[in-house]
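Have a look at the structure below, then the notes.
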Amino acid sequence: MAGSLLTGCAGASGGAASPSTSQGSRATPTDGSNAASGSTPETALVPRTSKDARKLVDSVVLAPSDWGRGFVAQDPARSTPGTWAVLDGGCRWQREKLPHGVLASTSRYSRLPGREGKGTVKVTAAATAHSSVLGADDQLSTTLEEVLRCPQQQPRTDERITGLMSLGTPFGAREQQYADDSVLEAGQYVEKGGAQSYRWMVARLGTVVVAVSVTGAKGRTQPELDQLGTNALAQMLTRVQQRLKGK
């Protein structure tokens, strides 16, 4: 599948600085994703209630084993039901009650423990189902714009994400063929152990938004981390398409 989450120009959601990547890295949701935009979902399968939406997002979000061999759950292992992540006015991430128009949202947190001189990689997989395409599209627009408002963000106490840049690529731009819209954020995750690379990859298919984050670690190369994230995003895009097409 053509297209790239890590190269291209700002999309229809608005202009933003382009994240830099390691030379030669063109990580793309391939390897069986085939979740090309433009395919119309079965109307009866698009979630219209919170109950149906919860079933969908729970079936889409990756468990630790879905990331690959050796991954285990973080503590906590998943988000609080009935909430989603919101960046407040102080650029701090908070869990808040789902607003009107958001039917369900789930995040799962996993990690690959360090060994043989390599550090621990931390990852997140998230899925959100909206009641309308407009609402889902607004989530992508907000994601892109938040980096302009908050290039430095605080996910947890004593942890920061710095130097954030964002890139939006809608379907058809720069050969992006895997989603109706996509956003990439890139920066540095700073905690007590130092600073590591950070990627937040988001994609929309219809009313469903999926996302993954990958925080690097000592001894892990950027191409390795980028491929980890795009493979994970591809899995979730494929699951969304299969469930909305009844496959």
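One-based numbering along the sequence shown. What's counted below: heavy atoms across the whole structure, side chains too, no hydrogens, waters or symmetry copies.
At a threshold of 4.5 Å between non-hydrogen side-chain atoms, the residues T230 and M201 count as touching. L62 has its side chain within reach of R239: a pair of non-hydrogen atoms, C-beta onward, lies under 4.5 Å apart. S141 places none of its side-chain heavy atoms less than 4.5 Å from the side chain of L144. Taking the side chain as every heavy atom from C-beta outward, W84 and T128 approach each other to under 4.5 Å. At least one side-chain heavy atom of R78 sits under 4.5 Å from a side-chain heavy atom of T106. D52 has its side chain out of reach of L56: every pair of non-hydrogen atoms, C-beta onward, lies at least 4.5 Å apart. Looking at heavy atoms from C-beta onward, I161 lies out of side-chain contact with V190 at the 4.5 angstrom threshold. Considering only heavy atoms from C-beta on, T49 stays 4.5 Å or farther from L103 through its side chain.
Listed for the Q94 side chain is no donor-acceptor partner under 3.5 Å among the backbone atoms of V86. Without hydrogens or angle criteria, T120 side chain to P113 main chain gives no donor-acceptor distance under 3.5 Å. Distance alone, capped at 3.5 Å, is enough to place a donor-acceptor pair between the R220 side chain and the G119 backbone. Formation of a donor-acceptor pair under 3.5 Å by the Q176 side chain with backbone atoms of Y178 is found in this model. When atom types are taken as modelled, the side chain of T80 and the backbone of T83 share no donor-acceptor pair closer than 3.5 angstrom. A donor-acceptor pair under 3.5 Å is formed between the side chain of D66 and the backbone N or O of A63. When atom types are taken as modelled, the side chain of S182 and the backbone of T169 share a donor-acceptor pair closer than 3.5 angstrom.
Of the N and O atoms on the side chains of E159 and Y189, at least one donor lies less than 3.5 Å from an acceptor on the other residue. A donor atom on one side chain and an acceptor atom on the other are not found under 3.5 Å apart for Q154 and W93. Between the side chains of Q222 and D226, a donor-acceptor pair is found at a separation under 3.5 Å.
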**Message:** Pair S65, F71 - check side-chain contact (heavy atoms from CB on, under 4.5 Å), show working.
**Reply:** CA-CA 6 Å; S65 60; F71 278 87; over 6 Å; no
**Request:** Dump the intermediate steps for side-chain contact (heavy atoms from CB on, under 4.5 Å) on V183 and L167, then the final yes or no.
**Result:** CA-CA 5 Å; V183 172; L167 172 70; over 6 Å; no
**Message:** side-chain contact (heavy atoms from CB on, under 4.5 Å) for L228 and V123? Distances and angles first, verdict last.
**Reply:** CA-CA 9 Å; L228 176 66; V123 297; 4.0 Å; yes
**Message:** Would Y198 and Q188 count as a side-chain contact (heavy atoms from CB on, under 4.5 Å) here? Give the steps.
**Reply:** CA-CA 5 Å; Y198 173 82; Q188 295 285 310; 6.0 Å; no
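Between L45 atom CG and K245 atom NZ the span is 9.0 Å, to the nearest 0.5 Å. Atom CD of Q242 sits about 10.0 Å away from atom OG of S59, to the nearest 0.5 Å.
A salt bridge does not link R204 to D181: none of the charged side-chain nitrogens sits closer than 4.0 Å to a carboxylate oxygen. For the pair R111 and D75, the salt-bridge criterion is not met [side-chain N within less than 4.0 Å of a carboxylate O]. Between R243 and E42 there is no salt bridge, since none of the side-chain N atoms of the basic residue sits less than 4.0 Å from a carboxylate O of the acidic one. Electrostatic pairing of D58 and R54 does not count as a salt bridge here, judged by no charged N lying under 4.0 Å from a carboxylate O.
In terms of heavy-atom proximity, T215 sits nearest to V121 at O-CG1, 3.5 Å. Contact record, S105 with L98: CB-CD2, 3.9 Å, taken as the closest heavy-atom pair. Contact detail for A203 and L237: the closest heavy-atom pair is CB-CD2, 3.9 Å. Annotation for A73 and P64: closest pair N-CG, 3.6 Å, computed over non-hydrogen atoms. Closest heavy-atom contact between L87 and R149: O-NH2, 3.2 Å. Scanning both residues, C91 and Q152, for their nearest heavy atoms gives CB-O, 3.5 Å.
Cluster annotation: L164 and L140 are assigned to the same hydrophobic cluster (Ile/Leu/Val/Met/Phe/Trp/Tyr, side-chain heavy-atom contacts under 4.5 Å, transitive). V57 and W67 fall into different hydrophobic clusters, defined by Ile, Leu, Val, Met, Phe, Trp and Tyr side-chain heavy atoms under 4.5 Å apart, directly or through other members. V60 and V212 fall within a single hydrophobic cluster, where Ile, Leu, Val, Met, Phe, Trp and Tyr side chains are chained together by heavy-atom contacts under 4.5 Å. Hydrophobic clustering keeps V61 apart from L233 (ILVMFWY residues linked when any side-chain heavy atoms are closer than 4.5 Å, directly or through intermediates). In the hydrophobic clustering of ILVMFWY residues, with side-chain heavy atoms under 4.5 Å counting as a link, L225 and L112 come out together.
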